[in-house]
Structures are given as C-alpha cells and as structure tokens.
There are 2 protein chains.
Amino acid sequence: MAATKKIEDEELMRRLALVFQSHGYEGASLATISQATGLKKPSLYHRFPRGKEQMAEEVLRHAGEWIDRNLLDPLRAPASPRQRAELFATRIGSLYHRGKDSCLLNLLSVTKSEDNPFAGMIHETFRRLSRSLSQVARDAGADPKDARLRAEEVLIAIQGALVLSRGIGSTAPFRRMQKKIPDLLVASRREDR
Amino acid sequence: MAATKKIEDEELMRRLALVFQSHGYEGASLATISQATGLKKPSLYHRFPRGKEQMAEEVLRHAGEWIDRNLLDPLRAPASPRQRAELFATRIGSLYHRGKDSCLLNLLSVTKSEDNPFAGMIHETFRRLSRSLSQVARDAGADPKDARLRAEEVLIAIQGALVLSRGIGSTAPFRRMQKKIPDLLVASRREDR
DNA sequence: GTCTATAATATGATAGAC
DNA sequence: GTCTATCATATTATAGAC
C-alpha cells in the first residue's frame with residue numbers, strides 16, 4: 001500500500017512538473033492541473049493545502065532531489081573528470097528530453113507577484129549545480145576561479161540552449177550544446193581566450 | 001500633435017514591454033498593465049482592440065524594430081568585424097539593462113494555450129539575429145557553417161546569461177558573458193575545440 | 001481618447017457528502 | 001482521498017457618457 005502510494009506520488013509530481021514546464025506558473029490554472037493529473041480541485045487541495053504555490057514548491061523540491069541524485073552524485077563519482085562531465089551531459093539530455101522540455105528554474109522564476117516566491121529555491125538549486133560542476137573542473141586542473149567560471153559557462157549554455165531551442169522550435173541548438181559540455185568544463189584552453 | 005502622439009506611443013510600448021518582461025504574458029493582468037501605463041482598461045482596448053494578445057504582439061514588433069535599428073544595422077556598419085561585435089555587445093547590455101531585465105523572446109514564448117500565438121514572431125526575430133551575427137563571423141574569416149554555429153553560441157550565451165542572472169539574483173553572469181561576445185563571434189579557435 | 005460602470009467568464013479556494 | 005456543488009474574487013471585455 002505504501003509502495004503504491006509512493007509510485008502515485010511520483011507520477012503526480014511528474015505530471016505537475018510537466019504542466020508548469022509547459023505553461024509557466026501563471027499559465028498553469030487549477031483547471032489545467034486538474035486535467036493533467038486526473039485529480040479534481042478538492043483532491044489537489046487535500047494533497048496541497050496551500051494550493052498552487054505549494055504545488056510549485058514541491059515540484060521544485062522534487063526536481064532538486066532528482067538533480068542531486070542523477071546529476072550531482074555522478075559528478076562526484078570515482079571516474080575521470082572528463083568521464084564525469086560526459087555522464088553529466090547525458091543526464092542533462094534526459095532531464096530536458098533532449099531539448100524538448102523547458103527548465104522549471106527558468107519558468108518558475110516568472111510570476112505575477114513582485115517578489116517571486118520561488119526565488120530562494122531556484123537560487124539554491126543553481127548554487128548546488130555550480131558548486132558540483134566547478135569541483136569537476138578543479139579535479140581536471142583548473143584553479144578555483146577558473147573552475148567557477150567554467151561551471152557558470154556550462155549553466156549558461158544549458159539555459160540558453162533551452163531558450164533558443166524553444167524559441168526556434170528545434171532541438172538542434174540543445175543537442176549541439178550538449179556535445180560541448182565536457183570541453184567547456186574540463187578541456188584546457190588557450191591563454192588568450 | 002502628431003509628434004506628441006508619437007512620443008506617447010513610444011512611452012506606452014516601453015512600459016508595456018516592461019510589464020511583460022517582469023511578469024510574463026499570463027502574469028501581466030490588465031489591472032497591472034493599466035497601472036503601469038496609466039491608461040484605464042477601456043483606453044487600452046481603444047488602442048488595442050484585440051486586447052492583451054495584441055498588446056504583446058505590438059510589443060514584440062516594437063522590440064523587433066529596436067533590434068533591427070540598434071543591433072542589426074550596426075552589425076552591417078563599415079567597421080572591422082571585431083569592432084562590430086564589440087558594438088553589438090555594448091548594445092546588448094543596454095537592451096537588457098546590463099542583465100537586470102529579462103528577454104521578451106523568452107518570457108513571451110510561455111503562455112497558457114497549447115500553441116503559442118507569438119511563436120512565429122519569436123522564431124523570426126531569432127532568425128534575423130542569427131543571420132546578421134553569422135555574417136559578421138563570415139566577414140572575420142569563418143566558413144558559413146562555423147559562422148552559423150558561432151551566431152548560435154552568441155544567442156545561447158545571451159539567453160542563458162539572462163536566465164542565470166535572474167535565477168541567482170545577480171547580474172555578474174550577464175556582465176561576464178557580455179565581455180566574451182566578441183571572441184565568441186570573431187576570434188580564431190584551436191582545431192580541437 | 002479617456003473615463004465610470006458593468007457584464008461574462010475564469011480562477012483560486014472551500015463546504016460537505018461519500 | 002475523492003468527489004459534486006458552490007463561493008468570492010480576479011480577469012477579460014464592453015456599453016455608453018464625456
């Protein structure tokens with residue numbers, strides 16, 4: 001029974017994430033969410049007493065846990081920096097369905113209200129990604145400052161490729177970016193670049 | 001009278017753009033828009049008979065014209081490729097207020113409806129940017145294929161830096177990215193990158 | 001061109017039955 | 001835990017005066 005419930009929760013979070021990814025926070029109405037999850041509004045409020053804001057919070061938390069398990073843990077695995085960077089690039093591809101999906105961190109950073117209720121969680125998630133990525137760059141020989149800049153470049157490349165791919169209706173930019181991730185993170189560079 | 005009207009229209013579009021940039025399409029209610037522009041709802045409908053969708057369309061068109069005049073024309077100016085790339089980087093900074101603003105092309109590509117009403121204009125604007133940027137890369141000696149990839153890299157860097165800067169609440173990533181634009185577009189590269 | 005007033009609908013949220 | 005029915009408010013949109 002507990003196992004079944006757990007699976008249902010997983011599926012629920014998966015569908016909620018899809019709705020917020022597709023339509024953004026304000027664009028995801030309770031009617032849309034109800035249809036996407038198969039739960040009527042009162043059932044949603046039973047599960048999320050604080051309503052839509054809590055739904056988005058828990059989706060963000062759930063996504064953060066996925067990232068910790070499937071992106072950040074591999075970055076600390078006992079493998080060469082390049083191998084870890086390559087595995088990271090692969091996992092990024094499955095997180096965003098090879099560029100077809102948008103990033104929750106991008107979409108949930110836009111709301112009606114002046115101060116975004118999710119800003120803290122979004123900031124925190126980017127920070128964890130940045131720390132783990134820069135550690136790989138350091139393991140590959142980069143000094144701390146360069147390592148942080150490389151991590152930033154990788155995050156920029158991912159977010160930018162997702163925006164551009166959605167903007168032009170083609171995943172080609174995302175797939176090209178994905179191949180570049182290992183070099184951005186661990187390849188040696190010329191001094192003048 | 002005509003001149004005064006023109007200025008008012010400019011200011012109106014400027015404020016509308018700011019609202020959509022800050023809150024996204026669905027997050028920008030007519031109440032918010034009314035407050036931001038100083039026009040009551042019936043006045044807005046007098047100016048935009050098809051309502052909010054037309055407002056966003058005209059804001060996008062207006063932004064596209066700004067881009068043509070202030071970003072793309074300089075890319076074709078009689079100057080060295082590097083000088084043109086540097087001017088472009090400067091103008092990108094003022095377009096996004098040095099990283100404080102978000103990109104309309106990103107925010108307006110998210111709506112409630114399944115097929116985004118602005119997809120065509122967004123796609124078209126990215127296309128014009130890409131064409132003009134790649135021409136600069138070609139003028140700097142890149143072959144057509146490499147030039148297109150460099151233009152794509154620049155667009156990815158801009159969009160990604162804006163997303164990351166908003167996500168972490170700091171314009172530092174945008175400002176660092178801005179300095180890299182000229183090299184991304186026109187610097188020679190090692191073969192193995 | 002702009003406004004007050006108002007309508008029609010959508011949206012977030014709850015009461016209460018099962 | 002889920003539902004039907006309902007509420008209060010927000011939202012898009014319009015009528016009609018000035």
Side-chain angles (χ1 to χ4, degrees), chain A residues 1-20 22-60 107-108 110-118, chain B residues 1-16 18-20 22-60 62 107-108 110-118:
Chain A
M1 206 59 84
T4 306
K5 175 77 179 329
K6 185 77 185 303
I7 292 171
E8 282 166 356
D9 277 2
E10 278 294 319
E11 180 64 12
L12 178 56
M13 297 312 285
R14 216 185 56 81
R15 296 191 189 188
L16 278 176
L18 213 60
V19 177
F20 286 121
S22 305
H23 305 107
Y25 183 73
E26 304 296 346
S29 70
L30 290 192
T32 307
I33 292 170
S34 173
Q35 191 160 18
T37 59
L39 290 176
K40 302 291 184 184
K41 282 184 267 183
S43 305
L44 290 169
Y45 275 93
H46 178 80
R47 175 71 180 75
F48 308 97
R50 293 188 357 266
K52 198 166 82 161
E53 188 168 320
Q54 186 180 0
M55 296 181 209
E57 281 171 14
E58 295 203 17
V59 163
L60 263 182
L107 293 217
L108 290 181
V110 177
T111 59
K112 173 188 322 196
S113 95
E114 207 54 53
D115 45 24
N116 187 290
F118 318 116
Chain B
M1 205 60 83
T4 305
K5 174 75 178 329
K6 186 74 186 304
I7 292 170
E8 283 166 355
D9 277 2
E10 277 293 319
E11 180 64 12
L12 177 57
M13 297 310 285
R14 215 185 55 81
R15 295 190 189 188
L16 278 177
L18 213 60
V19 177
F20 286 122
S22 305
H23 306 107
Y25 182 73
E26 305 295 348
S29 71
L30 291 191
T32 307
I33 292 170
S34 173
Q35 190 161 19
T37 59
L39 291 176
K40 302 291 183 184
K41 283 181 265 183
S43 305
L44 289 169
Y45 275 94
H46 178 80
R47 175 70 180 75
F48 308 96
R50 292 189 355 267
K52 199 167 81 162
E53 188 168 321
Q54 186 179 0
M55 296 180 209
E57 280 171 16
E58 294 202 18
V59 163
L60 263 182
H62 189 260
L107 293 217
L108 289 181
V110 177
T111 59
K112 172 189 324 199
S113 94
E114 207 53 55
D115 45 25
N116 186 290
F118 318 117

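Reminder, nothing fancy here: chain letters follow the sequence lines and each chain counts from 1.
- Electrostatic pairing of B/Arg14 and B/Glu10 does not count as a salt bridge here, judged by no charged N lying under 4.0 Å from a carboxylate O.
- When the P atom of C/dG1 is taken as reference, atom CD of B/Glu11 falls 17 Å away, rounded to whole Å.
- Rounded to a whole Å, the CD atom of A/Glu26 is 12 Å from the C1' atom of D/dA10.
- In this structure, B/Arg47 atom CZ and D/dA13 atom C1' are separated by 18 Å, rounded to whole Å.
- The nearest whole Å value for the distance from the CD atom in A/Gln54 to the C1' atom in C/dA13 is 14 Å.
- Annotation: B/Glu53, atom CD; neighbour count of heavy atoms from other residues, nucleotides and ligands within 6.0 Å is above 12.
- Distance NZ (B/Lys40) to C1' (D/dC18): 16 Å, rounded to an integer number of Å.
- The shortest distance between the side-chain N/O atoms of A/Lys112 and the OP1/OP2 oxygens of D/dT11 is below 4.0 Å.
- Of the candidates D/dC3, D/dT12, C/dG12, the closest approach to any side-chain atom of B/Lys52 belongs to D/dT12.
- As a whole-Å value, the separation of B/Leu39 CG from D/dA13 C1' is 16 Å.
- Comparing atom distances between the A/Ser29 side chain and each of C/dT14, C/dT2, C/dT11 picks out C/dT11 as nearest.
- Screening B/Lys52, B/Glu58, B/Glu57 for a side-chain hydrogen bond (donor to acceptor under 3.5 Å, both in side chains) with B/Gln54, the sole residue that qualifies is B/Glu58.
- Regarding contacts with the backbone of D/dT14, every side-chain N or O of B/Tyr45 stays at 4.0 angstrom or more from both OP1 and OP2.
- Here the C1' atom of nucleotide C/dA13 and the NE2 atom of A/His46 are 16 Å apart, to the nearest Å.
- A/Ile33 has its CD1 atom 7 Å from the P atom of C/dG12, to the nearest Å.
- Side chain of A/Glu26 to backbone of B/Glu26: no donor-acceptor contact under 3.5 angstrom is found.
- Considering only the side chain of A/Pro42, C/dA15 comes nearest among D/dA13, D/dA15, C/dA15.
- Out of D/dT2, D/dA13, C/dG12, the shortest distance to the side chain of B/Lys41 is found at D/dA13.
- For A/Ser43 and D/dC3, the shortest distance from a side-chain N or O to OP1 or OP2 is below 4.0 Å.
- Residue B/Leu30 has its side chain nearest to D/dT12 when only C/dT2, D/dC3, D/dT12 are considered.
- Between B/Tyr25 and B/Phe118, the ring-plane angle classifies as perpendicular under the 30° and 60° cut-offs.
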